[in-house]
Structures are given as structure tokens and as C-alpha cells.
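A quick write-up on the structure given underneath.
Order of listing sets the numbers, starting from 1, for every ligand and every atom in it. FYI, the numbering just counts along the sequence from 1. Note that this is a predicted model, so its numbers are computed, not measured. Because only heavy atoms are used, hydrogens play no part in the values below, and waters and symmetry mates are left out as well, while side chains stay in.
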Amino acid sequence: MRVVILGSGRGSNAEAILRAQAAGRLGAARVVQILSDKSDAGILDLGLRFGVPATFVDPAPFKTKLEGPGEERFIATIKAARADLVVLAGFMRVLKPGFLEAFVGNIINLHPSLLPAFPGLDSISQAFRTGVRVTGCTVHYVTQEVDAGRIIEQTQVPVEPGDTLETLTARVHAAEHQLLPAVIERLSQPAR
Ligand code: GAR
């Protein structure tokens, strides 16, 4: 299963996937490319470290969505990589029908809350400020409605007495680093 990872940020989840692969914990999945819409994103540094092609793809002309010429560039690059699975690991753009139809059913996203609670941005701080007792992270299929596609797997993270936003954030990220590689490993296994 050829996996392409898309991210806009530091890439800690992409790193967790690549570490799982190096440790033989990614099943039949293999990361073949890392793509970012930000030319200075930390996620692109993983390419050299792990020996995977890592490329900036120009997302222009839009700022928060992927549509038009930028969308076409991403689609062409992912098709050239012959991806079986597109993994959004901190890719901070809204995907539009052109992209979703190009890889229908084969795009998954990681989100730092127990969806359907706290979709959108700043989900960990939303959960913290709301005072929930339990939050967590979700991997789900991507559909046109943002953060609303079918849930594949979730991990709960209890909010502890004395937690700050920083300590809670660190535990949610640690849970993400376990969850996303495990889901990819599972999806790479033939259906039983
Ligand atoms: C992760 O916490 C992920 O859940 C979040 O971005 C972070 C990326 O971190 N994604 C979203 O909020 C998507 N709406 P990383 O670059 O260190 O992997």
C-alpha cells in the first residue's frame, strides 16, 4: 500500500509513521512521498532523515482551501506517486470535490479531538476551555464536510486535575503518534 503524507506543520505525526515503518510496525504500508503546501514546513525535513522524497507543492491561488491550479498540482503529484492512501497529518487546507473525487475513499485525516466534538481549528484548547473530562484524537475518512467523514478509530485522553493546556496538548499529541500509524497498519492488511 503506497502512502503519500500531506502536512503543513512540524510533522511529528509523519515522523511517527516513518518511525513505525522503520521498526516494521506499518504492515504492508510504505510511505512513498511527503508533500507540503508550506515551503518552510518542518515536515519536509523528514525527507532527508528518512530517505523519502519530500516536496513543496505550490497551493496557490487560495489561502485556506485547495482548489484550482494548486489542487491540480497536488492531484498530479499524488497520482505520479501512484498512491493507494493519502494521509492528512496536519494538512491545514479544506479539500474540494476535485481532490476528493481523484482519490475517493482513500483519504484519511487525523484530528485532535473526539469527533464529532470540537471540529475545526484549535480543537485541543476548545476542549480544554469547555472543561470536558475526556478528549482525544480521531482518524476518519475525508468527505466534503470538514471533520465529518466516517470515523475509523479514536483514542480517548482523560483531562487530569491540574492539567494545563500545554500538558493536555502533549498527551493528545502522544496519543496521535500511536493512533495514526496503527490505523495505517490496519488499513494495509487485506480485509478479513
Ligand atoms: C496534529 O495535532 C493534528 O491532529 C492536527 O495538526 C497537528 C499536526 O501536527 N490537525 C488538525 O488540526 C486538522 N484539522 P504535526 O505537524 O506535528 O503532525
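- Applying the ring-ring contact (aromatic ring centres under 6.0 Å, His included) test to residues at least two apart or on different chains, the pairs with a partner in residues 49-76 are Phe74-Phe91.
- Checked against a 3.5 angstrom limit, the closest N/O atoms of Ser12 and ligand 1 fall inside it.
- At least one N or O atom of Asn13, backbone or side chain, sits closer than 3.5 Å to an N or O atom of ligand 1.
- Within 6.0 Å of CZ on Arg30 lie no more than 12 heavy atoms contributed by other residues, nucleotides or ligands.
- Inclusion of Gly11 in the set of residues having an N or O under 3.5 Å from an N or O of ligand 1 is warranted.
- Protein heavy atom nearest atom 12 (O) of ligand 1, with residue, atom name and distance: Pro112 CD, 3.4 Å.
- Residues forming a salt bridge (charged side-chain N to carboxylate O under 4.0 Å, His left out) with Arg19 (at least two apart in sequence, or on another chain): Glu15.
- Here the heavy atom of the protein found nearest to atom 14 (N) of ligand 1 is His111 ND1, 3.5 Å.
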Should Ser12 and His173 be marked as a side-chain hydrogen bond (donor to acceptor under 3.5 Å, both in side chains) after you check the CA-CA gap, both sets of side-chain angles, and the distance that decides it? CA-CA 8 Å; Ser12 69; His173 284 156; 5.7 Å; no
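- Few gaps surround CD on Glu160; more than 12 heavy atoms of other groups in view lie less than 6.0 Å from it.
- At a threshold of 4.5 Å between non-hydrogen side-chain atoms, the residues Thr55 and Thr77 do not count as touching.
- Counting all heavy atoms, side chain and backbone alike, Phe118 lies closest to Ser113 at O-OG, 3.2 Å.
- Protein heavy atom in closest approach to atom 4 (O) of ligand 1: Glu176 OE2, 2.4 Å.
- For Leu110, the heavy-atom gap to ligand 1 drops under 4.0 angstrom.
- Glu15 does not count as a contact of ligand 1, since none of its heavy atoms falls under 4.0 Å from the ligand.
- Interface atoms of ligand 1 facing His173, defined by a heavy-atom separation under 4.0 Å, are 2 (O).
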Please assess Leu46 against Arg49 for the test side chain to side chain contact (heavy atoms under 4.5 Å, CB included), listing each intermediate value before the final yes or no. CA-CA 5 Å; Leu46 296 170; Arg49 280 176 55 201; 3.7 Å; yes
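- Ligand 1 does not have Gly7 within reach: every non-hydrogen atom of the residue lies 4.0 Å or more from it.
- Shortest contact from atom 6 (O) of ligand 1 to any protein heavy atom: Gly90 CA, 3.6 Å.
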